[in-house]
Amino acid sequence: MFTGIITDIGTIDVVEQRGDTRVVVRSTYDMATVDLGASIACSGVCLTVIDKSGPGMPGWFAVDVSGETVSRTAQGQWTEGRRLNLERALKIGDELGGHIVTGHVDGIGEVVSIVPEGGSHRVDIRCPAEIAPFIAAKGSVTVDGVSLTVNSVADHEGGSAVFGLNIIPHTWQVTAFGDMAVGNAVNLEIDVLARYLSRMRERLVIDKSLLM
């Protein structure tokens, strides 16, 4: 479980094919405090640490990315040199500064515009029809692992939608958003509360139909 508050920007140093994709990520985390088997969200994807640097070495950790995960995450994400938004798993008693994030990608969005507004950036992202109903103005959404508030939503023909975000200077600087460009694919996770409410609504409709 995560909060969508980024605590480091990692860089992919090595990508190897070993059945699954082995990815080595350079990080400033103190690896003495990172256990093997720990979870780290990498641009919104919850992954398990399977190896790490030793004492006195530059910090890095390794993860295995399954074919399923590669197919469901942003194209080009698992390439050498790519910068990743990193967040370690939430601990009991930690401050919940963003919102509840699971690290499971619900869909892939596309950046359609980036416009500077004062010191901030207005970013518009197109999301696919299957998750568009879960995006609401003033609601929460996770973009590449970052907890953000939706400013606006515009529905489009075919069921897709474009939602607008305001990225403040601090967030732009402490995340990999500085690498963002129009046309980029991004990992999206909807608010977990919206997911459960949708499931409850589906069950209510089914239960009513059985009574008719």
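Count residues from 1 along the sequence.
If you take OG on S113 and CZ on R126, they are separated by 9.5 Å, rounding to the nearest 0.5 Å. Here CE of M1 is found 8.0 Å from CG of L90. Values are rounded to the nearest 0.5 Å. To the nearest 0.5 Å, atoms CD1 (I125) and CG (L188) are separated by 6.0 Å. With rounding to the nearest 0.5 angstrom, the OG1 atom of T11 is 6.5 Å from the CZ atom of R83. A distance of 10.0 Å separates OG1 of T73 from CD of E68, quoted to the nearest 0.5 Å. Summarising the geometry, atom CG belonging to D8 is positioned 9.5 Å from atom CG belonging to N85; distances are rounded to the nearest 0.5 Å.
Counting only distance, with no hydrogens or angles, the side chain of E189 and the backbone of G103 share a donor-acceptor pair below 3.5 Å. No side-chain donor-acceptor contact under 3.5 Å links T79 to the backbone of R82. Here the side chain of D13 pairs no donor or acceptor atom with the backbone of V24 at under 3.5 angstrom. S66 places no side-chain N or O within 3.5 Å of a backbone atom of D20 that could act as its donor or acceptor partner. Although no hydrogens or angles enter the test, the distance criterion places no donor-acceptor pair under 3.5 Å between the side chain of T48 and the main chain of G37. In this structure, the side chain of E87 engages the main chain of T3 through a donor-acceptor pair within 3.5 Å.
By the rule that hydrophobic residues join a cluster once side-chain heavy atoms approach within less than 4.5 Å of another member, V192 and F2 end up as members of separate clusters. Under a hydrophobic clustering in which Ile, Leu, Val, Met, Phe, Trp and Tyr are joined whenever their side-chain heavy atoms come within less than 4.5 Å, directly or via other members, V101 and I135 fall into different clusters.
Around the CD atom of Q75, the shell of radius 6.0 Å holds no more than 12 heavy atoms that belong to other residues, nucleotides or ligands. Within 6.0 Å of the CZ atom in R22, the count of heavy atoms belonging to other residues, nucleotides or ligands exceeds 12.
Closest of all the heavy-atom pairs between M180 and V123 is SD-CG1, 3.8 Å.
Within the 4.5 Å cutoff, the side chain of S43 has heavy atoms near those of the Q77 side chain. Residues F177 and V146 have side chains in contact (heavy-atom distance under 4.5 Å, counting atoms from C-beta outward).
Under a 4.5 Å side-chain heavy-atom criterion applied to ILVMFWY residues, the cluster that includes V45 comprises I12, V15, V23, V25, Y29, M31, V34, L36, I40, L47, V49, F61, V63, V65, V70, W78, L84, L86, V105, I108 as well.
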Inset, instruction - For F134 and D106, run side chain to side chain contact (heavy atoms under 4.5 Å, CB included): C-alpha distance rounded to whole Å, both residues' side-chain angles, the deciding distance at 0.1 Å, then the answer. - result: CA-CA 10 Å; F134 301 97; D106 293 304; over 6 Å; no

Inset, instruction - Show the numbers, then the answer: is there a side chain to side chain contact (heavy atoms under 4.5 Å, CB included) between R18 and D64? - result: CA-CA 9 Å; R18 302 187 179 186; D64 283 337; 5.6 Å; no

Quick one: side chains of residues 147-173, donor-acceptor pairs under 3.5 Å with protein atoms, not counting sequence neighbours, listed by atom name and distance.
from, atom 1, to, atom 2, distance (Å)
S147, OG, H99, ND1, 2.7
S152, OG, R122, NH2, 2.7

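Take T33 and apply the side-chain hydrogen bond (donor to acceptor under 3.5 Å, both in side chains) test, not counting sequence neighbours, and it matches R88.
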